[in-house]
Amino acid sequence: MALVIYNSLSRKKEEFVPLHPGRVNMYVCGPTVYDYPHIGHAKSYITFDIVVRYLRYLQYNVLYVQNITDVGHLLDSGEDRILRGAQREKIEPMVLVERYTRAYFEAMDALNVLRPDISPRASGHIPEQIQVIELLLQKGFAYERNGSVYFDIARWPAYGKLSGRDVNEQLAGARLEINEEKRHPADFALWKRAEAEHIMQWSSPWGRGYPGWHIECSAMSMKYLGESIDIHGGGMENQFPHHECEIAQSEAATGVPFVRYWMHHNMVLVNGVKMSKSLGNFTSVQKALHTYNGEQIRFFILSSHYRSPMDFNDEAIKAAAVGLERLHATWHLLRRMEESAPEEGNNAQAEELGERMKNQFEREMNDDFNTPAAIAQLFDHSREINKLLSGPVTRSAVVTVRQMFGQLAGDVLGILPREQQGFMTADPFIHLIVRLREQLRTLKNWQLADEIRCRMLELGVEIKDGKAGSEWQYKR
RNA sequence: GGCGGCGUAGCCAAGUGGCUAAGGCGGAGGUCUGCAAAACCUCUAUUCAUCGGUUCGAUUCCGAUCGCCGCCUCCA
C-alpha cells in the first residue's frame, strides 16, 4: 500500500505523489528565536522529523528547508518579538537571535531531531523578500501606502481556501485595531515602514523598513525549493492567517500552485489548555530534559498521532517511559546475542519475522504517519523477538532481526538509545566490572555481587542476571 | 457570531459499517530464578459522551444535545 497523507487543503487523506519522481521538496515553518524552545516546538519538529525520516526510508531524496524567523514577527502591541527579547535581556538583537538559535538546535539534537538541510534566516534574505514584493506590486496584487506595502485581498478571491473562511464574514478588527492604511481589514503587510527607533530596518524601494512576517516563507521556499513544493508543514494555529497568506502571495507572484500537500499538527496542552509562550504556561525543552531523557520525550510525543492534541503531564510520560524500556531491553538483548550466538543453524523463522515486522510497520506508517499504531507493532515484534531469542538461534538470524528492528525503531522513529560519541566511553570498563562480578557469582559470593549491582545502579548502570550470564544497560 | 477538531478501560492511546474494539502503563495470578530485575504465559472495555435516525447490522455514517479544545490577523 502506498503512502497516504492527510492534506489540510482537501481535508482528506490523499496518496502521496511528489512533483518529481523520487524526490521530495519540503518546507516547515521554523521557530521565532526570541526565547527557549518549549514542548510545543518539540511536538512540531519531531512530527516533521518523522516525515523526513520515513520518506528517506522509502528511498526518496528529500530536501528539507526550515526557516529561522529573526525579524518581522510582531506582537499584539506592534513590537517586534526579537526587539522585545533584546530589550528584556539588554543585548543586541542579533546576539539574542544567535543565543536562541543555538538553544533551539541543542534542544532538537537532544530530542534526536535531524537538522534540516537548510536553515535560512529571514534577516539574511531581505533582497529575496523585496523581490517577491516588487513582483506582487507589478502584477497589481499589492499596494503601497506611506512606505508600507500590503497584499490586496480583493484581488485574490481564493483567499481563505485553506482554512475554510470567508474574510468578509470575519469580525474585522476583532482583536487588533483596524489599520487605516489598509483597503480591506484582511489585507496583510508585506513590508512595514520603520520608525526611526526601530533598530532592525533595511533600505527598500519604499524607504526604510522591514519585512512582514509571512513573506519570508514564500521568498525562502521559492529560493531553495522552487515555485511549487511537495510538502509544507506547520502547526494548526498557523493555518490562518499565516499559511493562507503564504498561499496568496506565493501563487499571486508565480501563477503556479504553491504547495501540493499541507500538513498541520495539533497542539500540546497543559491541563487541557494550549501550551504557548503568550499564555506563559510552557515547559521548556531544557527543563523537561532535567527530568526525562530525549528518547523518552520523543517516544511520548510519538505515542499519540500528530493530528491529535497531546496533554503534557508527568503521569503519562512516566508510563510511556516504562513502556519504552521494554523496547530498549529487546534492543540490548539483540546487541548482546549478536556477539554470542552460534553460526550454525536455520534462519527461516528470523527471515519470516523480519519481513513481517517490515510489512506491518510500513502499513501503519503509510497511513498518514500513524506512529502510535507503528509503535504498537513494535511492542508485538519485541515480544516475538524475545521469544525467538530465548530458544536456539543463529548469529545471522539475530543480525537479520536486529537490522530490521534498528531500522524501524532507530532510523525511522529515532527512539533507540544513540551510540555514545567520543573516542572512549565507559562501556569497556563497565563490561570488565560485569565480567568480574560474574566470576563472583560462580563462586557464590552473593554479598559482594549484590553490593556491586546495587552500587552500579546508583551510578546509572543496571545489571540484570540471566541464565546465560549478566546483561547491563544505562539507566536514567 | 463564523470556521475546524475532539469525547474509546483506573491512566495514556490506535482503530473498524459485521468475525475476539490494537498497543503501552497500572492491577491480579502463574512460569523461570541464589536474591533482585527482566523475559514469557493467563486475566483485566457485552462496550466506544448522551439521545434519536439510516441500515439486516453502527463505536464507525447522518442529525441533535452535553462537555472540552483550537483558530477568527500573537503562537510550534
Side-chain angles (χ1 to χ4, degrees), chain A residues 8 11 28-32 37-48 73-79 81 160 163-167 169-176 179 185-189 213-214 233-242 244-245 264-269 272-279 282 299-300 303-305 307-311 313 315-327 329-330 332-333 364 367 370-380 382-383 386-387 389-390 441 444 446-447 449-450 453-454 457 462-467 471 473:
Chain A
S8 305
R11 268 159 248 187
V28 169
C29 287
T32 302
H38 56 66
I39 297 298
H41 295 97
K43 179 171 165 77
S44 180
Y45 301 117
I46 287 173
T47 293
F48 296 113
H73 196 173
L74 306 185
L75 293 156
D76 268 358
S77 57
E79 290 173 279
R81 284 158 192 280
S163 52
R165 280 159 216 265
D166 180 342
V167 284
E169 285 179 10
Q170 301 291 315
L171 302 175
R175 289 190 27 234
L176 226 58
N179 180 341
D187 288 353
F188 56 91
W213 175 39
H214 313 298
M236 278 182 181
E237 84 287 359
N238 275 334
Q239 216 165 333
F240 187 90
H242 185 54
E244 205 72 74
C245 296
H264 291 97
H265 64 81
N266 218 314
M267 301 290 98
V268 174
L269 310 179
V273 293
K274 186 174 76 159
M275 178 184 287
S276 75
K277 288 179 182 172
S278 52
L279 293 175
F282 64 90
F299 179 76
F300 174 66
S303 66
S304 66
H305 191 257
R307 284 190 289 112
S308 302
M310 185 197 93
D311 205 303
N313 70 79
E315 196 195 350
I317 302 172
K318 283 184 180 134
V322 175
L324 179 60
E325 277 298 303
R326 288 164 58 79
L327 299 180
T330 297
H332 291 302
L333 186 61
E364 303 298 356
D367 183 13
N370 192 341
T371 54
I375 287 169
Q377 294 296 341
L378 289 181
F379 277 107
D380 286 343
S382 174
R383 176 168 291 121
N386 291 337
K387 278 200 269 190
L389 265 44
S390 68
R441 292 184 68 239
K444 298 204 191 300
W446 308 124
Q447 204 188 344
D450 288 354
R453 185 172 62 193
C454 184
L457 188 61
E462 185 181 37
I463 300 173
K464 295 175 195 170
D465 300 321
K467 228 172 180 174
E471 295 171 42
Q473 63 178 1

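Chain A is the first sequence line, chain B the second, and so forth, proteins listed ahead of strands; every chain is numbered from 1.
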Applying a 3.5 Å limit to both distances, which nucleotide forms a Watson-Crick or G-U wobble pair with B/A28? B/U42
Distance (rounded to the nearest 0.5 Å) between A/H332 NE2 and A/T330 OG1: 10.0 Å
Would you mind reading off the distance between A/E471 atom CD and B/A39 atom P, rounded to a whole angstrom? 10 Å
Closest to side chain of A/R383, choosing from B/A76, B/C25, B/C40: B/C40
Taking donor-acceptor contacts at under 3.5 Å, does the side chain of A/R326 reach the base of B/A39? no
Hey, are the side chains of A/F300 and A/L324 touching, using non-hydrogen atoms and a 4.5 Å cut-off? no
Interatomic distance where CE belongs to A/M310 and C1' belongs to B/G5 [whole Å]: 17 Å
Do the side chain of A/H41 and the main chain of A/H38 share a donor and acceptor less than 3.5 angstrom apart? yes
P-based separation of B/A37 from B/C19 [nearest Å]: 40 Å
Determine the Euclidean distance between corresponding C1' atoms of B/G15 and B/U42; express it in Å to zero decimal places. 25 Å
Distance in angstrom units between A/K387 NZ and B/A39 P, rounded: 13 Å
Do A/Q239 and A/S163 have side-chain atoms, one donor and one acceptor, less than 3.5 Å apart? no
Could you tell me the separation between the CZ atom of A/R441 and the P atom of B/G34, rounded to a whole number of Å? 8 Å
Per A/D465 side chain, nearest of listed nucleotides B/C12, B/C72, B/A36: B/A36
Given B/G34, B/G15, B/A76, which nucleotide is nearest the side-chain atoms of A/H38? B/A76
Taking a pair as Watson-Crick or G-U wobble with both distances under 3.5 Å, which nucleotide is matched to B/U33? none
Quiz question: by atom type and distance under 3.5 Å, do the side chains of A/S308 and A/N266 form a donor-acceptor pair? no
Do the side chains of A/R441 and A/D465 get nearer than 4.5 Å, heavy atoms only? yes
Looking at every strand, decide which applies to A/D380 at a 4.0 Å heavy-atom threshold: base, sugar-phosphate, or nothing. sugar-phosphate
Among B/A39, B/A14, B/C35, which nucleotide has an atom closest to any side-chain atom of A/A373? B/A14
Side-chain-base donor-acceptor pair under 3.5 Å for A/R307 and B/G5: no
Which nucleotide, B/G23, B/G34, B/C11, lies nearest any side-chain atom of A/W446? B/G34
With a 3.5 Å cut-off and no angle check, do the side chains of A/S44 and A/H265 form a donor-acceptor pair? yes
What distance, rounded to whole Å, do you find between the two C1' atoms, one in B/U46 and one in B/C72? 45 Å
What distance do A/K464 atom NZ and A/L333 atom CG have between them, rounded to the nearest 0.5 Å? 9.5 Å
Nearest-Å distance for atom pair NZ/P, residues A/K464 and B/C35: 18 Å
Nearest of B/A76, B/A37, B/C35 to any side-chain atom of A/R453? B/C35
Rounding to the closest angstrom, what is the interatomic distance between B/U54 and B/U60 at atom P? 15 Å
Base-pairing assignment for B/G63 (Watson-Crick or G-U wobble, both under 3.5 Å): B/C51
Pair of N/O donor and acceptor under 3.5 Å linking B/G15 base with A/N370 side chain: no
Nucleotide paired to B/C3 in any strand shown, Watson-Crick or G-U, under 3.5 Å: B/G70
Classify the nucleic acid contact of A/S304 as base, sugar-phosphate or nothing, counting any heavy atom under 4.0 Å across all strands shown. sugar-phosphate
Using Watson-Crick or G-U wobble geometry with both distances below 3.5 Å, tell me the partner of B/G23, or none. B/C12
Under 4.0 Å: is that the gap between some side-chain N or O of A/N238 and OP1 or OP2 of B/A76? no
Rounded P spacing from B/C61 to B/C48 in Å: 15 Å
If you look at every strand shown and take non-hydrogen atoms under 4.0 Å, does A/S308 touch a base, only sugar-phosphate, or nothing? sugar-phosphate
Pick the closest RNA chain B nucleotide for A/Q447 and for A/Y45 by heavy atoms, then say which residue is nearer the 5' end. A/Q447
Name the closest nucleotide to the A/D450 side chain, picking from B/C35, B/A37, B/G15. B/C35
Between B/G70 atom P and A/K43 atom NZ, what is the distance in whole Å? 15 Å
Among B/G23, B/C72, B/A76, the nucleotide that comes nearest once only the side chain of A/F240 is considered: B/C72
Report which part of the nucleic acid A/H265 touches: base, sugar-phosphate, or nothing (heavy-atom distance under 4.0 Å, all strands). base
Starting from the 5' end of RNA chain B, give me the residue, A/L324 or A/G234, whose nearest nucleotide shows up first. A/L324
Would you mind reading off the distance between A/F299 atom CZ and B/C25 atom C1', rounded to a whole angstrom? 10 Å
Checking all strands, does A/V28 fall into the base, sugar-phosphate, or nothing category for heavy-atom contacts under 4.0 angstrom? nothing
Heavy-atom donor-acceptor pair, A/N266 side-chain to B/C6 base, under 3.5 Å: no
In terms of side-chain heavy atoms of A/A376, which of B/A76, B/A13, B/G23 is nearest? B/G23
Mind checking if A/G323 touches a base, just sugar-phosphate, or nothing, with heavy atoms under 4.0 Å? sugar-phosphate
Mate of B/G57 across any strand shown (Watson-Crick or G-U wobble, both atom pairs under 3.5 Å) is none
Distance in angstrom units between A/E462 CD and B/C35 P, rounded: 18 Å
